[in-house]
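On a predicted model such as this, the values are computed, not experimentally measured, just so you know. Hydrogens, waters and symmetry mates play no part in the numbers below; they use all other heavy atoms, side chains included.
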Amino acid sequence: MNKKTTYIVLMFICTVGFWLFNNFYTPDTYTDKNVSVTDVELQDLNYLQPSSTTGDIVKHNYYTLSYNEKYEQAEWVAYSLKKEDLTKDKRKRPYFIEDPKVKTKSADWRNYKRSGYDRGHLCPAGDRKFSVYAHNETFYTSNITPQKNDFNAGIWGDLEKMVRIWANKDKEVYVVTGGVLKGNMDVIGDEDVAVPNYFYKIIAKGKKDNLKVIAFLLPHKESKKPLTSFVVSVDKIEKETGINFFEALPKEIEDKLEKEINLSDWTF
């Protein structure tokens with residue numbers, strides 16, 4: 001075998017090997033098996049966890065979600081963001097993998113290939129740089145939703161940055177976020193992953209007896225409008241999603257929080 005033939009054979013083997021690795025290899029899990037879900041944190045924040053329309057609630061070490069198999073994504077992802085979580089550690093971008101805790105299996109990442117949509121994080125990787133495990137957990141596909149790049153890198157990214165500013169200023173915020181999974185939606189991939197027409201984010205701060213809440217509902221498109229243009233009541237998001245966001249609070253407090261739109265408690 002001459003050098004040219006040897007080179008062609010080696011190139012062929014490398015190409016096939018890369019294709020097999022890229023299409024069939026995935027790690028088993030990103031969750032630290034030596035660390036359990038933080039019991040104290042869950043107890044502290046249990047009263048803020050939304051209802052689930054599917055009953056498929058998954059608790060990871062650093063966020064919780066309610067998975068909706070019909071639309072192959074979470075209907076909500078909830079997590080606490082503390083000031084000390086806001087690090088600038090550099091983290092290597094891992095593979096997107098299926099969530100081992102979702103009973104029905106979360107969507108395969110290949111649904112997103114050549115779809116024209118970003119793999120949009122719900123719990124942002126940028127909020128979880130404080131440890132390798134916390135960062136990598138955000139790459140489960142249960143935490144991913146199809147997003148247009150000019151939305152994901154634009155107004156949605158601006159809102160994520162604002163949440164970090166609030167977490168830094170107020171020491172801790174609690175975030176619930178997801179797509180509005182209803183209506184006539186585009187789908188991508190072999191598993192028909194739904195593309196939401198709207199995305200929401202609800203942020204709470206303060207103690208149980210003195211909570212401050214702000215909610216956003218954003219059309220899934222590029223926008224140059226200020227973030228305040230998208231502030232709505234929690235009631236509005238509940239009507240759109242069918243999710244009850246503060247069901248564990250006393251009814252009087254819940255009703256008051258969900259009806260209010262109070263920008264004075266938040267700095268922009």
Smallest heavy-atom separation, W166 atom then T267 atom, equals NE1-O, 2.8 Å

Is there a donor-acceptor contact under 3.5 Å from the side chain of T145 to the main chain of G120?
no

Does C123 offer a backbone N or O that forms a donor-acceptor pair with the side chain of T138 under 3.5 Å?
no

Would you say L122 ends up clustered with L227 if hydrophobic residues are merged whenever their side chains have heavy atoms under 4.5 Å apart, either directly or through other cluster members?
yes

Please check if any side-chain donor atom of D186 sits under 3.5 Å from a side-chain acceptor atom of Y117, or the reverse.
yes

The test is side-chain contact (heavy atoms from CB on, under 4.5 Å); show your working for T141 and I97 and say whether it passes.
CA-CA 6 Å; T141 56; I97 65 172; over 6 Å; no

Do Y71 and D192 pass the side-chain hydrogen bond (donor to acceptor under 3.5 Å, both in side chains) test, and can you show the C-alpha distance, the side-chain angles, and the key distance before you say yes or no?
CA-CA 7 Å; Y71 300 108; D192 291 337; over 6 Å; no

Considering only heavy atoms from C-beta outward, does the side chain of V102 approach that of T104 to under 4.5 Å?
yes

H60 and D99: side-chain donor and acceptor closer than 3.5 Å?
yes

Does K182 come within less than 4.0 Å of E240, counting only side-chain N to carboxylate O?
yes

Do L218 and I155 have side chains that approach each other closer than 4.5 Å (heavy atoms only, starting at C-beta)?
yes

Kindly work out whether a path of hydrophobic side-chain contacts (I/L/V/M/F/W/Y, heavy atoms less than 4.5 Å apart) joins Y63 to V132.
no

Before you tell me yes or no, could you show the steps for N262 and S264 under side-chain hydrogen bond (donor to acceptor under 3.5 Å, both in side chains), namely the whole-Å CA-CA distance, both residues' side-chain angles and the distance that decides it to 0.1 Å?
CA-CA 6 Å; N262 191 348; S264 64; 2.4 Å; yes

Between L81 and L86, does a side-chain contact (heavy atoms from CB on, under 4.5 Å) hold up when you go through it step by step?
CA-CA 8 Å; L81 182 61; L86 302 173; 4.0 Å; yes

Worked verdict on Y112 versus I144 for side-chain contact (heavy atoms from CB on, under 4.5 Å)
CA-CA 10 Å; Y112 289 79; I144 302 303; 3.6 Å; yes

Atom OG in S142, atom CD in E69: separation rounded to 0.5 Å?
11.5 Å

Non-hydrogen side-chain atoms of L263 and T228 separated by less than 4.5 Å:
yes

Common cluster, I237/L181, ILVMFWY with side-chain heavy-atom separation under 4.5 Å
no

Would you indicate whether the side-chain heavy atoms of V187 and V195 approach each other to under 4.5 Å?
no

Look at K224 together with E222 and state whether they make a salt bridge at an N to O cut-off of under 4.0 Å.
yes

Would the distance check show the side chain of R128 and the main-chain N or O of Y62 forming a donor-acceptor pair, the cut-off being under 3.5 Å?
yes

Give a yes or no on whether Y67 and Y79 share a hydrophobic cluster (residues Ile, Leu, Val, Met, Phe, Trp, Tyr; joining criterion: side-chain heavy atoms under 4.5 Å apart).
yes

Mind checking whether S66 and D56 have side chains closer than 4.5 Å, heavy atoms only?
no

Please assess V77 against T64 for the test side-chain contact (heavy atoms from CB on, under 4.5 Å), listing each intermediate value before the final yes or no.
CA-CA 6 Å; V77 171; T64 301; over 6 Å; no

Do D89 and R91 meet the salt-bridge criterion of a basic N to acidic O distance under 4.0 Å?
yes

Keeping E238 on the side-chain end and F245 on the backbone end, is there a donor-acceptor pair under 3.5 Å?
yes

For the CG atom of L211 and the CG atom of L48, what is their distance to the nearest 0.5 Å?
5.5 Å

Does a side-chain N-to-carboxylate-O contact under 4.0 Å join D255 and K251?
yes

In plain terms, say whether R164 and D127 are close enough for a salt bridge, that is, a side-chain N and a carboxylate O under 4.0 Å apart.
yes

Flag the pair K59 / Q49 as yes when at least one side-chain heavy-atom distance between them is below 4.5 Å, and no otherwise.
yes

Below 4.5 Å, heavy atoms only, C-beta onward: do P219 and F151 meet side chain to side chain?
no

Answer with yes or no whether the side chains of E191 and N111 bring together a donor and an acceptor at under 3.5 Å.
yes

Would you say the side-chain atoms of S233 and E258 include a donor-acceptor pair closer than 3.5 Å?
no

Could you tell me if the side chain of P94 sits less than 4.5 Å from the side chain of H135, heavy atoms only?
yes

Working to the nearest 0.5 Å, report the span between CG of D85 and CZ of F130.
4.5 Å

Does the distance from a Lys or Arg side-chain N to an Asp or Glu carboxylate O, for K256 and E260, drop under 4.0 Å?
yes

Distance check, rounded to the nearest 0.5 Å: N68 atom CG versus T241 atom OG1?
11.5 Å

Point-to-point distance, once rounded to the nearest 0.5 Å, from CG of N168 to CD of E84
10.5 Å

Under 3.5 Å donor-acceptor, Q73 side chain and A194 backbone
yes

State yes or no: do V173 and V231 share one hydrophobic cluster built from I, L, V, M, F, W and Y residues joined by side-chain heavy-atom distances below 4.5 Å, directly or via other members?
yes

Residue pair A78 / Y174: nearest heavy atoms and the distance that separates them
CB-OH, 3.3 Å

Only distances under 3.5 Å count here; give the side-chain donor-acceptor pairs of residues 198-208 to other protein atoms, sequence neighbours excluded, each with its distance to 0.1 Å.
{"from": "Y200", "atom 1": "OH", "to": "E75", "atom 2": "O", "distance (Å)": "2.7"}
{"from": "K201", "atom 1": "NZ", "to": "T177", "atom 2": "OG1", "distance (Å)": "3.3"}
{"from": "K205", "atom 1": "NZ", "to": "D170", "atom 2": "OD2", "distance (Å)": "3.3"}
{"from": "K205", "atom 1": "NZ", "to": "D265", "atom 2": "O", "distance (Å)": "2.5"}

Atom CG in D190, atom CD in E72: separation rounded to 0.5 Å?
11.0 Å

Would you say the side-chain atoms of W76 pair up with the backbone N or O of S51, donor to acceptor, closer than 3.5 Å?
yes

If you apply the rule ring-ring contact (aromatic ring centres under 6.0 Å, His included), what do you find for W156 with F230, and how did you get there?
CA-CA 11 Å; W156 189 250; F230 304 102; over 10 Å; no

Of all residues at least two apart in sequence or in a different chain, which pass the ring-ring contact (aromatic ring centres under 6.0 Å, His included) check with H121?
F96, F139

Donor-acceptor pair, H220 side chain versus K148 backbone, under 3.5 Å?
yes

